[in-house]
Amino acid sequence: MTSRTFYITTPIYYVNDLPHIGHIYTTVVADVVARYQRMRGREVRFLTGTDEHGQKIVKAALAQGITPEELANRVVRRYPPLWQALGITNDDFIRTTEPRHWAGVHEMIRRMEARGDIYKGNYGGWYCAGCEAFFPQTQLVEGKCPEQGHPVEWLEEESYFFRLSAYQQPLLRFYSDHPDFIRPESRYNEVVRFVEGGLKDLSVSRVSLPWGIPWPGDPRHVVYVWLDALTNYISALGFGSQDPSLFERFWPADLHLVGKDILRFHCVYWPAFLLSAGLPLPRQVYGHGWWLRDDKKMSKSFGNVVRPDHLLERFGADPLRYFMLREMTFGQDASFSDEGFLQRYNADLANGLGNAAARVLAMTRRYYSGTTPPVRCGANVLADKSGEVVARYVACMDSLEFHRALEAVWELVSAVDGYVNEKQPWAIFKLEGGSSERLGRVLYNSLEALRLAAAMLAPVMPTTSRRLLAQMGIAPESRAAVALSWGELPTLAPLGEEGALFPRVDVQEFLAEVTVNETSEPGGQSVAPPPAAPAGAAEEQISIEEFARVKLVVGLITAAERIPKSKKLVRMQVDLGEGKQRQIVAGIGTRYAPEQLVGRRAVFVANLKPAVLMGVESQGMVLAASVEGDPFLLGVDGEVPPGTGVK
Ligand code: ME8
């Protein structure tokens, strides 16, 4: 990795549903790498975008009664605010419905045809719309797709084929000449074994699908969605356009970051397409692991996704970015949970970094009247530790071992704590009767180690890094903000404003509020507003018997009061026609004052298991529509008696 430029990409995301933690993860990792490479002086190009064609999108649009185009436009609108909230610094965002992309795809096909790698034939096979791929009968598992257990359907039609079989040997040669092409190593072995097993020619067009890029010269066919999608990595650089300057500057990509689910497309099909088109191959494809929930891949199709809007809203981007990079050993699977997040937040951020910084800054403020100490200090234990940590951090960031890079930074933070405990600046101040040179050295060393920690954290937690540096009186554009060498902290510089970096969180209280939001506000509060029904909505229909299991009744609210210390929670006494009152807690206090609720009729779930919210038992749930997180109670048109069933 010696070139001056660095081109990094994420997968382009399907628009069948809103972005979730998986998409956020890959994009955040790409952003961390992009920021790190910029910090190391590289000219970076960072691309992400959306994959808008294919059967999956058509199905999702149909289920919602809108056109694929409308669905795509709706979902794509959610990305800019989300990326902004997460601090994503992409240079471009490509949509596969853009003319610049079509031009690139057509040029790609023209080249593959010129090479003699495209021919027309007939295809019959099992198609999985979830993976947008054909599978032979022998690979199906219990009649379902072997990758992720999606349903498959038999498709038989005229198709253009790509001579993938001709690329088995060239690909195997390429892998063996470039052992770093696929990372981590286990995935390299997986792909090599797959290709050694033999490659069949690939169907690369569809006639039965109206939504896609028309095949050049034969518009009855549309281009297969993966040939279409993979080409985004070069069409976004102007490949196939009048101006190929970006393509010449940045291709081949340094790093395609993808989830392990789409490794084969990136490590087999994509290099084969590029070889056929006579184009250089990317330097590396990294297949990372999955965020799991209940031991299952979190996926739009499984309907078990986490959209961490509440975490983002409450904590901002940095703690979430930190958690994702620290919790997942890059390349392996990990579980996502609010509890795991809060645990790391309190332990590593509030008690760890935040506490160490607050402690050192408070003493400096007290003993040096709000400036950095007047002495600069050379060799000492913290300088040695910093040198070792910086070297490890750089090595780990270069090899994409983010969790280890962060571990190294936290070792330095703990070393600062240990150093302060051992040197006891307060005792030096007392003993030496004021701000002595020794005291200055101790505080200088502690601050300088924290400055280095802040500089190293900039790619992962850019806002925190800037805040911490500002508290030390360091401007973001100054050398001291980025230098990873010891001794850059200015002396006698005025410290910036005080303020806790990470106020501690009461885990129980936070979880209770989140539970309430999730249970009493259907539609959920989102970074991105609600609209799109879950992907595969058609597959997730329920029977009338299942619906009937939910006991919905009219209830009359007879009393209501706020729960102390909660912005949202209201405790209500409700008459559900049972001859006694039920206590029901709901997160509706942001929109309704308790006195507005008394005497109102609403619709309640009467057979929900009781839950304890902020120490108060709730024996049911009120139904409300949620508009951008704002609850609107469902009303009843008339004086319907309490307990009347709702169907
Ligand atoms: O596959 N954990 O789009 P997609 C971690 N359009 N990462 C996850 C994840 C999870 N549970 N779920 C998704 C597509 N991802 C194609 C790509 S590229 C030319 C075309 C991330 O919307 C991960 O990066 O299904 C995965 O590869 C990507 O989202 C799939 O997103």
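In listed order, ligands and their atoms are each counted from 1.
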Next on the checklist: I need the contact type for Y233 against ligand 1. Using non-hydrogen atoms and a strict under-4.0 Å cut-off, is it side chain, backbone, both or neither?
Outcome noted: side chain

Item to check | ligand 1 contact on D261 by region, counting heavy-atom pairs under 4.0 Å | outcome: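 Side chain only.
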
Going by the angle between their ring planes, with limits at 30° and 60°, are [X] and [Y] parallel, tilted or perpendicular?
| X | Y | value |
| --- | --- | --- |
| Y233 | H266 | tilted |
| Y160 | W215 | parallel |
| W226 | F265 | parallel |

Item to check | Row check, Y127 ring normal vs R206 NZ/CZ: under 6.0 Å, within 45° | outcome: yes

Checklist entry - When E157 is tested against each of S203, S205, S208 for side chain to side chain donor-acceptor pair (under 3.5 Å), which residue passes? => result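 That would be S208; it is the only one of S203, S205, S208 passing the side chain to side chain donor-acceptor pair (under 3.5 Å) with E157.
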
Checklist entry - Per the side chain to side chain donor-acceptor pair (under 3.5 Å) rule, which among Q137, Q139, E153 passes with W126? => result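 With W126 as partner, side chain to side chain donor-acceptor pair (under 3.5 Å) holds for just one option, Q137.
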
Checklist entry - If we only count heavy atoms from C-beta on, is the F315 to L320 side-chain gap below 4.5 Å? => result no

Next on the checklist: Could you check, using the six-membered ring where one of them is a Trp, whether F341 and F336 have ring centers closer than 6.0 angstrom?
Outcome noted: no

Just which atoms of ligand 1 are under 4.0 Å from any heavy atom in [X]?
| X | value |
| --- | --- |
| H23 | 4 (P), 22 (O), 29 (O), 31 (O) |
| T26 | 21 (C), 23 (C), 24 (O) |
| I262 | 1 (O), 17 (C), 27 (O) |
| G289 | 5 (C) |

Does any N or O of ligand 1 fall below 3.5 Å from an N or O anywhere on [X], backbone included?
| X | value |
| --- | --- |
| H266 | no |
| D51 | yes |
| N232 | no |

Checklist entry - Who gets closest to atom 27 (O) of ligand 1 by heavy atom: G49, A229, G22, G259? => result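 The option holding the nearest heavy atom is G259.
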
Next on the checklist: Please determine whether any non-hydrogen atom of H20 lies less than 4.0 Å from an atom of ligand 1.
Outcome noted: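 Yes, H20 has a heavy atom closer than 4.0 Å to ligand 1.
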
Checklist entry - Would you say W226 contacts ligand 1, with heavy atoms under 4.0 Å as the rule? => result yes

